[in-house]
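Given the structure is predicted, the values throughout are model-derived calculations rather than measurements. All values below were derived from every heavy atom in this structure, side-chain atoms included, with hydrogens, water molecules and symmetry-related copies excluded. In what follows, residues are counted from 1 in the order of the sequence shown.
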Amino acid sequence: MADLTPQDVRDFLRDSKDNNHLLDDIENPDAIIRLSMDLAISDFNSIPPKTSFNLVGFEYKAVLLYGTCWQLFLGLMALAARNTMSYSDGGLDIPIEERFPYYAQMAQIYQQMYQSAAKPIKIQLNLESGWESVRSDYSTFPAW
């Protein structure tokens, strides 16, 4: 299975110049997607049992995709919050940036998807590692 790429993430999110009518460009450049992927892997590795996966050869592609989207939308929330303001002219209020609630909702959705996909994998990895090191007090008794 091929590794997840920034273009895969953009394709999944339908982030293209043709689909971004208000931006007229992509919203998430490669560098931001790679950073989000690194953060998702780091988060995955920190869930007990601790692991040391990296982006190359990470076999849980859906988990990485959901985690990457979660991190992307967290970053987009920060950008939207920084640029939120409203303009008032003649009693008409015009919001300049109103995407924050949508980004917050998407971040929450992808966080839940990521966590529900990562949890059983980590449980399975923990169970598999337990077979190698489970000890019993009875193991020192002689066999009759």
Side-chain angles (χ1 to χ4, degrees), residues 1-140:
M1 175 188 314
D3 294 334
L4 188 69
T5 66
Q7 188 58 50
D8 292 337
V9 175
R10 269 196 298 280
D11 289 346
F12 178 76
L13 293 174
R14 311 308 191 268
D15 182 10
S16 68
K17 188 175 180 176
D18 295 336
N19 291 333
N20 295 339
H21 305 294
L22 299 177
L23 299 176
D24 204 29
D25 200 3
I26 60 170
E27 187 169 29
N28 300 297
D30 285 359
I32 299 299
I33 293 175
R34 281 193 202 95
L35 173 61
S36 297
M37 291 169 80
D38 284 338
L39 291 171
I41 287 281
S42 177
D43 186 78
F44 185 83
N45 284 332
S46 70
I47 299 170
K50 292 193 182 227
T51 50
S52 57
F53 290 105
N54 58 44
L55 290 176
V56 178
F58 188 73
E59 60 188 280
Y60 309 108
K61 200 170 184 177
V63 173
L64 181 56
L65 176 66
Y66 302 150
T68 300
C69 292
W70 170 36
Q71 297 297 332
L72 277 174
F73 282 106
L74 286 177
L76 289 169
M77 280 173 49
L79 176 65
R82 244 188 345 268
N83 292 305
T84 297
M85 66 175 272
S86 61
Y87 176 75
S88 182
D89 186 20
L92 179 63
D93 290 330
I94 302 169
I96 302 300
E97 175 63 73
E98 52 189 22
R99 294 180 286 181
F100 181 86
Y102 299 113
Y103 289 155
Q105 185 178 18
M106 294 305 295
Q108 183 179 19
I109 289 169
Y110 282 114
Q111 179 185 17
Q112 290 171 351
M113 291 172 69
Y114 165 78
Q115 289 173 338
S116 66
K119 184 178 178 180
I121 293 169
K122 285 299 196 151
I123 290 171
Q124 182 64 33
L125 291 172
N126 194 29
L127 289 171
E128 288 174 2
S129 68
W131 288 110
E132 298 170 1
S133 62
V134 173
R135 301 286 185 253
S136 168
D137 290 341
Y138 297 106
S139 65
T140 58

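- Side-chain contact between Asn126 and Pro48 is absent, with no heavy atoms from C-beta onward closer than 4.5 Å.
- With hydrogens and angles disregarded, a donor-acceptor distance shorter than 3.5 Å links the side chain of Asn19 to the backbone of Arg14.
- Residues Phe53 and Val63 form no side-chain contact, since every pair of their non-hydrogen atoms from C-beta on lies 4.5 Å or further apart.
- Interatomic distance, CG of Leu76 versus SG of Cys69, reported as 10.5 Å (0.5 Å rounding).
- Considering only residues two or more places apart in sequence or on other chains, Ala107 meets the side-chain contact (heavy atoms from CB on, under 4.5 Å) condition with Trp70, Phe73, Leu74, Met77.
- Between Phe58 and Tyr60, the shortest heavy-atom distance links the atoms CE2-O, 3.1 Å.
- Residues that satisfy the side-chain hydrogen bond (donor to acceptor under 3.5 Å, both in side chains) test with Gln7, not counting sequence neighbours, are Arg10, Asp11.
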Go through the steps for Asp25 and Asn20 under the test side-chain contact (heavy atoms from CB on, under 4.5 Å), then give the verdict.
CA-CA 6 Å; Asp25 200 3; Asn20 295 339; over 6 Å; no
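- A donor-acceptor contact shorter than 3.5 Å links the side chain of Asp3 to the backbone of Gly57.
- Note that CG of Leu35 and CG of Asp30 are 12.5 Å apart. Values are rounded to the nearest 0.5 Å.
- Checked against side-chain hydrogen bond (donor to acceptor under 3.5 Å, both in side chains), Asp38 has no partners two or more places apart in sequence or in another chain.
- Residues Met37 and Leu64 meet the side-chain proximity criterion, which asks for heavy atoms closer than 4.5 Å.
- Between Ala40 and Gly67, the shortest heavy-atom contact is CB-C, 3.5 Å.
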Checking salt bridge (Lys or Arg N to Asp or Glu O under 4.0 Å) for the pair Glu27/Lys17: CA distance, chi angles, key distance, verdict? CA-CA 8 Å; Glu27 187 169 29; Lys17 188 175 180 176; over 6 Å; no
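- Screening residues 42-52 for side chain to side chain donor-acceptor pair (under 3.5 Å) gives Asp43-Tyr114, Asn45-Thr51, Thr51-Lys122 as the qualifying pairs, with residues at least two apart or on separate chains.
- Partners of Asp8 according to the side-chain contact (heavy atoms from CB on, under 4.5 Å) rule, which considers only residues two or more places apart in sequence or in another chain, are Leu4, Thr5, Lys61.
- The distance from the CZ atom of Arg99 to the CG atom of Leu79 is 7.0 Å, given to the nearest 0.5 Å.
- Distance CD/Glu59 to CD1/Ile121: 8.0 Å, rounded to 0.5 Å.
- In terms of the side-chain hydrogen bond (donor to acceptor under 3.5 Å, both in side chains) criterion, residue partners of Asn28 (sequence neighbours excluded) are, by chain and number, Asp15.
- For the atom pair CE (Met106) and CD (Gln111), the distance works out to 13.0 Å, reported to the nearest 0.5 Å.
- Side-chain atoms of Leu72 and Val9, non-hydrogen and from C-beta on, do get closer than 4.5 Å to each other.
- By the 30° and 60° cut-offs, the orientation of the rings of Tyr110 relative to Phe12 is perpendicular.
- Aromatic ring centres of Tyr102 and Phe100: separated by at least 6.0 Å.
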